[in-house]
Amino acid sequence: QVQLVESGGGLVQAGGSLRLSCVASGTIFSINDMGWYRQAPEKQRELVAEIAKGGMSVYADSVKGRVTISRDNAKNTVYLQMNSLKPEDTAVYYCKADVLSRNGLFRKDYWGQGTQVTVSS
């Protein structure tokens, strides 16, 4: 079993910053892509940013220039540094990891439980 635990969400004023963290633990052989998604009320879950094991990253157009994703492979951890936050960034943020287990023979996407980010105007 693999668990993902997010932290770092909270309430911040527009223009402020937050840093989200997500730690993966359990029977992990290796982790491929790790990413952050978000879901606002009555909206579909959407990609915020994703980072490959080697460090290549992609970002949603709505957050480019304001958000940086990074990871520490030794700690099975992914981070999301968010700056210049806007009220429209308000959502539950979820971490996702593409995990290989059982000596690399089993592959599955795992999700965290989510962390709330609220940006006030």
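The shortest heavy-atom contact between Ser70 and Ile51 is CA-CD1, 3.9 Å.
Here the CD atom belonging to Gln44 is positioned 8.5 Å from the CD atom belonging to Gln39, to the nearest 0.5 angstrom. For the atom pair CD of Gln81 and CG of Leu18, the computed distance is 8.5 Å after rounding to the nearest 0.5 Å. Leu47 contributes atom CG, which lies 8.0 Å from atom NZ of Lys96 (distance to the nearest 0.5 angstrom). Taking CD of Gln1 as the start and OH of Tyr110 as the end, the distance is 6.0 Å to the nearest 0.5 Å. The CD atom of Gln3 sits 8.0 Å away from atom CD1 of Ile28, with the distance rounded to the nearest 0.5 Å. Interatomic distance, Lys53 NZ to Asp33 CG, rounded to the nearest 0.5 Å: 11.0 Å.
At distances below 3.5 Å, not a single donor-acceptor pair connects side-chain atoms of Asp89 with backbone N or O atoms of Val117. Distance alone, capped at 3.5 Å, places no donor-acceptor pair between the Thr115 side chain and the Tyr93 backbone.
Taking hydrophobic clusters as Ile, Leu, Val, Met, Phe, Trp and Tyr residues chained together by side-chain heavy-atom distances below 4.5 Å, Leu100 does not share a cluster with Val78. Connection of Leu4 to Phe106 is established within a shared hydrophobic cluster, with ILVMFWY side chains joined at heavy-atom distances below 4.5 Å, either directly or through further cluster members. Both Val67 and Val119 belong to a single network of hydrophobic side chains, linked directly or stepwise wherever heavy atoms of I, L, V, M, F, W or Y lie under 4.5 Å apart. Linking Ile, Leu, Val, Met, Phe, Trp and Tyr whenever their side-chain heavy atoms come within less than 4.5 Å puts Tyr94 and Val58 in one cluster.
Here the side chains of Thr68 and Tyr59 are in contact, with some heavy-atom distance below 4.5 Å. Under the 4.5 Å side-chain criterion, counting only non-hydrogen atoms from C-beta, Glu46 is in contact with Arg38. Under the 4.5 Å side-chain criterion, counting only non-hydrogen atoms from C-beta, Glu50 is in contact with Tyr37. Between Lys75 and Ser21, the closest side-chain pair of non-hydrogen atoms is not below 4.5 Å. No side-chain heavy atom of Lys108 sits under 4.5 Å from any side-chain heavy atom of Val99. Side-chain contact check for Arg102 versus Thr27: every heavy-atom pair is 4.5 Å or farther apart. In this structure the side chain of Arg71 reaches within 4.5 angstrom of the side chain of Ile31, judged on heavy atoms.
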Inset, instruction - Check step by step if side chain to side chain contact (heavy atoms under 4.5 Å, CB included) holds for Arg45 and Trp111. - result: CA-CA 12 Å; Arg45 191 172 297 189; Trp111 291 86; 3.2 Å; yes

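Taking Gln116 as the reference, Thr90, Val92, Thr118 meet the side chain to side chain contact (heavy atoms under 4.5 Å, CB included) condition, with sequence neighbours excluded.
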Considering only distance and modelled atom types, tabulate donor-acceptor pairs under 3.5 Å from the side chains of residues 5-16, sequence neighbours left out.
from, atom 1, to, atom 2, distance (Å)
Glu6, OE1, Gln113, N, 3.0
Glu6, OE1, Gln113, NE2, 3.3
Glu6, OE1, Gly114, N, 2.8
Glu6, OE2, Cys95, N, 2.8
Glu6, OE2, Gly114, N, 3.2

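Taking 4.0 Å as the cut-off between side-chain N and carboxylate O, Lys64 and Asp61 count as a salt-bridged pair.
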